[in-house]
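Comments concern the structure below.
Order of appearance sets the numbers: ligands from 1, and atoms from 1 within every ligand.
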Amino acid sequence: MNSPLNSDSAHWDAVYQKHGNAAGLPAGVSWYRPHLERSLHWIEQLTAGDTAARIIDVGTGESTLADDLLARGYRALELLDLSATALAHLRARLEARFGGAACADVSWRAGDVTQLALPESGFDVWHDRAVLHFLTDPTQRAAYVAQAMRCVRPGGHLIIATFAPDGPPRCSQRDVMRYSEAELAALFAPGFEAVASEREIHTTPTGTQQAFQILIARRR
Ligand SMILES: C[S@@+](CC[C@H](N)C(=O)[O-])C[C@H]1O[C@@H](n2cnc3c(N)ncnc32)[C@H](O)[C@@H]1O
């Protein structure tokens, strides 16, 4: 915890106190999926299966992405979230499931991704599912892009999933930004070059469908 938490950390802590726990999965939250299939597909593709790849999951929450990456042999994971509660639950779950040795190279960072001091060119892959779209303030968005520019090595990649234009306007009692394919690519240009994009329809645990836009971009 090397940065002040922003004012919304109490909100997210409360969400994970209510819905998460160290033993199980946060299956009560709308963004829950048993597996982040598209993210896993792209991470394996972009790293060409190199399990030494350095991967940051921005706003990891209690998602199963880290479980699935550890199960595939990836070890150099940076798990970052505004909520220290989510990180504590996730850490307990991963250590119980995989053992402390398998988690020895995992870094845990509680804080605001736009403010934390992250390693320069420290990552081969920057993954964000359903976090960027909460940044409704242009200054915050600019700080996010600058952070990604600084931290992804040249030739490294972003995988960003936000709500699409026909996705919901709010999530977790917060307004969100919705992005078209072109808008999401433009946000990260010219420092990142879009190499692929796709839509995903996420079905929430209560059966509602939500449209996501996914950008894959390469750091120039
Ligand atoms: C909708 S959840 C998505 C969680 C996870 N990525 C997933 O797909 O299951 C959004 C997450 O972003 C985190 N978050 C929100 N704003 C953040 C910020 N500025 N910096 C870091 N994390 C943030 C929240 O605590 C929450 O865990």
message = If the cut-off is 4.0 Å to any non-hydrogen atom of G61, which atoms of ligand 1 fall inside it?
response = 27 (O)
task = Just go through L65, L82, L116 and tell me whose heavy atom is the nearest to atom 23 (C) of ligand 1.
result = L82
message = Closer than 3.5 angstrom, by distance alone: can the side chain of H202 be matched with the main-chain N or O of R33 as a donor-acceptor pair?
response = no
ask   = Can an N or O of V113 be found at a distance shorter than 3.5 Å from an N or O of ligand 1?
value = yes
task = Heavy-atom contacts with G111 under 4.0 Å: which atoms of ligand 1 show up? List them by number with element.
result = 20 (N), 21 (C)
task = Using a strict cut-off of 4.0 Å, indicate which atoms of ligand 1 neighbour a heavy atom of A130.
result = 1 (C), 2 (S), 3 (C), 10 (C)
task = Compute the shortest N/O to N/O distance between S63 and ligand 1 and return yes if it is under 3.5 Å, no if not.
result = no
is_close_aromatic(F212, F163), centroid dist under 6.0 Å = yes
ask   = Under 4.0 angstrom from ligand 1, any heavy atom of Y16?
value = yes
task = May I ask you to identify, for L80, whether its side chain, its backbone, both or neither come under 4.0 Å of ligand 1 on a heavy-atom basis?
result = side chain
message = Under a 3.5 Å distance rule, please check whether R75 uses its side chain to pair with a backbone N or O of L70 as donor and acceptor.
response = yes
ask   = For W31, what residues pass the ring-ring contact (aromatic ring centres under 6.0 Å, His included) criterion, not counting sequence neighbours?
value = W12
inquiry  = I'd like to check whether G59 has a polar contact with ligand 1, where a contact means an N/O of the residue lying under 3.5 Å from an N/O of the ligand.
reply    = yes
ask   = Between Q147 (side chain) and V113 (backbone), is there a donor-acceptor pair under 3.5 Å?
value = yes
ask   = Which is it for Y179 and I160 under the side chain to side chain contact (heavy atoms under 4.5 Å, CB included) test, yes or no, and what are the steps along the way?
value = CA-CA 11 Å; Y179 291 89; I160 308 268; over 6 Å; no
task = Indicate yes or no for a side-chain donor-acceptor contact from D81 to the backbone of G61 under 3.5 Å, with no hydrogens or angles considered.
result = yes
request  = Please confirm whether T114 comes under 4.0 Å of ligand 1, counting heavy atoms of the residue only.
outcome  = no
